[in-house]
Amino acid sequence: MIERETWAEVILDYRSLPFDGVEREIDVRIPNTQMALAIIGPRRAGKTYLMRQIIEKLRSEGVPEEKVAYVNLEDPRLVGASLEDLMTLLEVLREMGGEKLHLFLDEVQAVDGWERFVRYLLDTGHRVFVSGSSSKLLSKEIATQLRGRSVSVRVFPFSFGEFLKARGFAVKRYLSSAEKAELRSLLREYLEWGGYPEVVLNPHMRIEVLRGILDLAIYRDIVERWGVRNVSALRLLLKILARSSHLTLTKAYSTMKSLGVSIGKGTLADYLEYLSDAFILHRLPPYVKSYKKAELLGFKPYLVDNGLLRITGVKDRGRLLENLVMVELLRRGFEPGEDLFYVPGDDWEVDFLAGDELIQVSYELHPLNRERELKALVSASERIGAERLTVITFADRERVELRGKKIDVVPLQDWLLR
């Protein structure tokens, strides 16, 4: 049992914590109706920080301090908290002057029965914000547990704009030659090492930090959650995914078998699902009408951050650039299988169909690949009718017209910052 004095101490301690850091460029809309706001995303991407940012915004809008409370339910003082203890928390908050609360419950999955408490809070007129590790609080689970009474906000590692803020670089319309060189250097670093906040703020130890993030995600979000026994096979699968441009279940099975790893196709399919549920893996399907053809073509695998690619051995700049573009499209709200696909052709392929825009990704356009990349865009446009055609490169910029189609070639930094 958690004593009332302990709850009060925890509440007051968190209220007194200083708030500083990089403001997240995430559009958070608080529901007007009695629905919980669920903050979801990969580990160490900044879900707790976003909660603190929302709290600061509420305070700036004049919400009294006693009506706002943040509690991390993995606080060591709260070990063993129960549903009954959560009701005690509510009583203490009322005693402290908190009616019609804005209550932020971090790592809410630490308490069995949390969903009943949240539903009670909603029924009695409180505003509720929940977040937690993706191992026990995934978006699908939130919707189930709260019976549709929640909306989700997805958090990713830093965008390039947030990365620049963290490094103290101010983006201006006009830059000196020295500033342009610094921006280009920062872009290369972001491309190669990604945007996990702890990595960005601790570049001198980014390899150790990334390994820690990956280990935490694998062991807590997958191994513990799903009872995975063959951890070495799971890690090998992740390396295969990181280095593959396309993959099918059969191809993954054959590759692992050739490497001497014996694992059933069913188990392998489960592992792919676990990696997706933990927000480590994102699978991009082909834009085809036939389900059977889609299965034959397979998916394009992407990891949630380029830093994870690097520590799994990927250094190819083209692969890193394409992965970065995919994550940015996810950050902008596109959903694989809904309005985000890749477009296969007979002898060509376009990397992304995002809404009504076709996007090809190439580190640079040169005589050996220029014709192939541009013709693929035009062929895809003629087939599906999309008229917005873009090539994203690291530094090239031009406007091309081919077969009556206009193609914009844009440098990565412009596309990320627009």
Before accepting this row, confirm whether a basic side-chain N of the pair Arg206/Glu189 lies closer than 4.0 Å to the acidic partner's carboxylate O. yes
Where do Arg43 and Glu198 land on the salt bridge (Lys or Arg N to Asp or Glu O under 4.0 Å) test, with the steps shown first? CA-CA 11 Å; Arg43 279 194 175 271; Glu198 290 168 292; over 6 Å; no
Does a salt bridge link Lys300 with Asp351, judged by any charged N lying under 4.0 Å from a carboxylate O? yes
Spell out, as yes or no, whether a donor-acceptor pair under 3.5 Å connects the side chain of Arg319 to the backbone of Ala242. yes
Electrostatic pair Arg331-Glu328, nearest N-O below 4.0 angstrom: yes
Under 3.5 Å donor-acceptor, Lys47 side chain and Pro42 backbone: yes
Tested for side-chain hydrogen bond (donor to acceptor under 3.5 Å, both in side chains) against Arg235, the lone hit among Asp215, Asn230, Thr312 is Asp215
Could you check whether any side-chain heavy atom of Ile54 comes within less than 4.5 Å of a side-chain heavy atom of Ile39, counting everything from C-beta outward? yes
pair Val409-Arg397: side-chain heavy atoms closer than 4.5 Å: no
cation_pi(Arg167, Tyr190) dist<6.0 Å, angle<=45: no
Quick one: is the NZ or CZ of Arg332 closer than 6.0 Å to the six-membered ring centre of Trp415, and within 45° of its axis? yes
The single option from Val10, Leu86, Val130 that satisfies side chain to side chain contact (heavy atoms under 4.5 Å, CB included) with Leu73 is Leu86
Does either side chain, that of Tyr174 or that of Glu179, offer a donor lying less than 3.5 Å from an acceptor on the other one? no
Which class fits the ring pair Tyr274 and Tyr271: parallel under 30°, tilted 30 to 60°, perpendicular over 60°? tilted
Is Ser244 reaching over with its side chain to a backbone N or O of Ile240, donor-acceptor style, under 3.5 angstrom? yes
Report yes if the side chains of Arg403 and Ser379 come closer than 4.5 Å at any heavy-atom pair, otherwise no. yes
May I ask you to say whether Glu162 pairs ionically with Lys165, meaning some side-chain N is under 4.0 Å from a carboxylate O? no
Assess the side chains of Thr48 and Asn72: does a donor N or O sit below 3.5 Å from an acceptor N or O? no
Can a donor-acceptor pair be found, under 3.5 Å and without considering hydrogens, that links the side chain of Asp305 to the backbone of Gly307? yes
Please give me the minimum heavy-atom distance between Leu249 and Ala269, naming the atom from each residue. CD1-N, 3.8 Å
Going by an N to O cut-off under 4.0 Å, is there a salt bridge joining Glu349 and Lys375? no
Checking Arg225 against Asp277 for the salt bridge (Lys or Arg N to Asp or Glu O under 4.0 Å) test, could you report, in this order, the C-alpha distance in whole Å, the side-chain angles of both residues, the deciding distance, and whether it holds? CA-CA 11 Å; Arg225 172 177 169 78; Asp277 279 347; 5.2 Å; no
Specify the closest pair of heavy atoms between Arg29 and Leu37, including all atoms of both residues, with the distance to one decimal. O-CD1, 4.2 Å
Is the backbone N or O of Ile407 less than 3.5 Å from a side-chain atom of Glu401, with the two atoms forming a donor-acceptor pair by type? no
Is a side-chain N or O of Ser381 found less than 3.5 angstrom from the main chain of Leu377, in a donor-acceptor match? no
Check whether the side chains of Glu357 and Thr390 place a donor and an acceptor atom closer than 3.5 Å, and report yes or no. yes
Ionic contact status for Glu364 with Arg317, cut-off 4.0 Å: no
In Val28, Asp106, Val155, the residue satisfying side chain to side chain contact (heavy atoms under 4.5 Å, CB included) with Met51 is Asp106
Presence of salt bridge, Glu115 and Arg149, under 4.0 angstrom: no
With the threshold set at 4.0 Å, does a side-chain nitrogen-carboxylate oxygen contact exist between Glu61 and Lys57? yes
NZ/NE/NH1/NH2 to OD/OE distance under 4.0 Å, Lys405 and Glu382: no
Would you say that Leu297 contacts Tyr342 through its side chain, given a criterion of any heavy-atom pair below 4.5 Å between the two side chains? yes
Give a yes/no verdict on a cation-pi contact between Arg52 and Phe19, requiring under 6.0 Å between NZ or CZ and the six-membered ring centre and an angle within 45° of the axis. no
Applying side-chain contact (heavy atoms from CB on, under 4.5 Å), run through Trp193 and Asn306 and close with a yes or a no. CA-CA 6 Å; Trp193 293 105; Asn306 276 20; over 6 Å; no
Which class fits the ring pair His102 and Phe129: parallel under 30°, tilted 30 to 60°, perpendicular over 60°? parallel
N/O donor-acceptor pair under 3.5 Å between Asp396 side chain and Leu365 backbone: yes
Report yes or no: is the cationic atom of Arg372 (NZ for Lys, CZ for Arg) under 6.0 Å from the centre of the six-membered ring of Trp348, at an angle within 45° of the ring normal? no
Heavy atoms of Ile40 and Ser152 approach each other most closely as CD1-CB, 4.2 Å
Is a donor from one side chain sitting under 3.5 angstrom from an acceptor on the other, for Asp75 and Tyr14? yes
If we only count heavy atoms from C-beta on, is the Tyr120 to His126 side-chain gap below 4.5 Å? no
Take Tyr70 and Phe104 through the test ring pair (Phe, Tyr, Trp, His ring centres under 6.0 Å) and record every step on the way to the result. CA-CA 5 Å; Tyr70 167 89; Phe104 292 77; 7.3 Å; no
Are Lys406 and Asp408 within salt-bridge range, i.e. N to O under 4.0 Å? no
For Glu335, does its backbone N or O pair with a side-chain atom of Asp339 as donor and acceptor, under 3.5 Å? yes
